[in-house]
Amino acid sequence: MKLKIKNVTDFNLKYTLESGQSFRWNRIDDAYYGVVEGRILKICQHSGTLIIESSDDEDKGIFTAQMFHYLDLHRDLAYILNAVNVDAYIDRAIDRFRGMRLLNQEIWETVASFILSQNNNMARIRKIIRTLSERFGYKVDYDGYVDWTFPTPQILADAGPEEIYKCGTGYRAGYLYNAANDVINGRLDLNALKQLDYNDAKHELMKLEGVGEKVADCICLFSLGHLTALPIDVWIKRIFERVYLRKTAKPKEIQDFAKQYFGEYVGYAQQYLFHYAQNQPNWDDAEHLELRFKQK
DNA sequence: TTCCAGGAGAGAG
DNA sequence: CTCTCTCATGGA
């Protein structure tokens, strides 16, 4: 199955897939390979044209709709970025990474991935998820690329916490095992979760062991499409303390400030500030910080 | 060797 | 309510 989407505006594949919201994509030459919803996708971008290949045969109309949803292409990104572009600092971040979009990823994989993400780093999170998939998922291949589907809750529940632990999860093995069981016995209804508004979804997620405010916000933002979610990790905390608040601040203070300052699309603002700080070594130099007080 | 990473839970005060 | 300590792992 091969799909060509032309005249794509305000979309950058590299920034979108390499901005820390998904741990599943691998770049080979100018193509990105990953497993989404049980099959391999190969995606290339040539300026305004996206070429998406699937290892499965599927209905073109349905597949197109799924890809628009996954890549967040149905949203007017120019409008959103204009809405959060309220000073010269974030203007620079937006200018640097324009086209980066928030994905709408599969819910179970996102829940599991961000449970594993706590007190952990990107490279190791990717490694753990790959190991889990290789051991418990199904092998899929396409175009010479081999990967594995993310294991279902049932498979992880059957495997048990000890086998999960062997994949390098550390103390988070029990959290993932319990979450898998919660899905199976209906304590967490993933389909119902998609129908809830932001606050209800967040609090439903926080009932899970190992899911606090930050992880719940990541799931809301990277899977459920709640653009008002603001995950506060060590980087976002650091960015707001140094750039905007100019003092140490608790998560609650950062939430309150950011939501009134950036507005309802604060989740998108967060993604640009996060990726900018990670890729711009002098992001908190004195002259750089001054941009925060200037108009864009 | 110590520190850190897209944190959260338990316990003390 | 807030503060502190601990939880595996591996790369810097």
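These numbers come from the heavy atoms of this one structure, side chains and all, not from hydrogens, waters or symmetry mates. Everything quoted here is computed from the prediction, not taken from an experiment.
Within the nucleic acid shown, Ser22(A) has no heavy atom closer than 4.0 Å to any nucleic acid atom. Contact annotation for Phe23(A): no contact, since no heavy-atom pair falls under 4.0 Å across all strands. Using a 4.0 Å heavy-atom cutoff across all strands shown, Gly210(A) reaches sugar-phosphate atoms only and no base atom.
Ile219(A) has its CD1 atom 13 Å from the C1' atom of dA8(B), to the nearest Å. As rounded to whole Å, 12 Å separates atom P of dG6(B) from atom CZ of Arg126(A). Put simply, CG on Leu205(A) is 17 Å from P on dG7(B), counting in whole angstrom units. Put simply, CD1 on Ile236(A) is 12 Å from P on dG6(B), counting in whole angstrom units. Note: CD (Glu213(A)) to P (dA8(B)) measures 8 Å, nearest angstrom. Between Asp217(A) atom CG and dG7(B) atom P there is a gap of 13 Å when expressed in whole angstrom units. Going from atom NZ of Lys250(A) over to atom C1' of dG7(B) covers 18 Å, rounded to whole Å. Following rounding to the nearest Å, Leu230(A) (CG) and dG6(B) (P) show an atom-to-atom distance of 16 Å.
By the criterion of a centre-to-centre distance under 5.5 Å and near-parallel planes under 30°, the ring of Phe274(A) forms a stack with the base of dG6(B).
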Under 4.0 Å protein heavy-atom contacts per nucleotide of nucleotides 6-12 of chain C, with B for base, S for backbone only and - for none
-BBBBS-
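Between Phe222(A) and Phe114(A), the ring center distance clears the sub-6.0 Å criterion. Between His203(A) and Tyr198(A), a ring centre-to-centre spacing not shorter than 6.0 Å is recorded. Taking the ring centroids of Tyr272(A) and Phe97(A), they lie at or beyond the 6.0 Å cut-off.
Projected onto DNA chain B by closest heavy-atom contact, Leu208(A) and Gln270(A) fall at different nucleotides, the more 5' of which corresponds to Gln270(A).
Glu109(A) has a carboxylate O that lies under 4.0 Å from a charged side-chain N of Arg24(A), or vice versa, which qualifies the two as a salt bridge. Salt bridge Asp233(A)/Lys237(A): absent, no basic N to carboxylate O contact under 4.0 Å. Arg246(A) and Glu241(A) are not joined by a salt bridge, as no carboxylate oxygen comes within less than 4.0 angstrom of a charged side-chain nitrogen.
Under a cut-off of 6.0 angstrom, the local environment of CD in Gln260(A) is crowded, with over 12 non-hydrogen atoms contributed by other residues, nucleotides or ligands.
Only the P atoms considered, dA8(C) is 16 Å distant from dG11(B), to the nearest whole Å. Using atom P as the reference point in both dT2(C) and dG6(B), the two lie 26 Å apart (nearest Å).
Aromatic ring pairs are classed by plane angle as parallel below 30°, tilted from 30° to 60° and perpendicular above 60°; the pair Trp25(A) and Tyr70(A) is tilted. Relative ring orientation between Phe262(A) and Phe240(A) is described as perpendicular, the plane-to-plane angle rising above 60° on a 0-90° scale split at 30° and 60°.
For the atom pair CG (Leu102(A)) and OH (Tyr265(A)), the distance works out to 12.5 Å, reported to the nearest 0.5 Å.
Listed by residue number, the members of residues 91-116 of chain A with any heavy atom below 4.0 angstrom from DNA chain C form an empty set.
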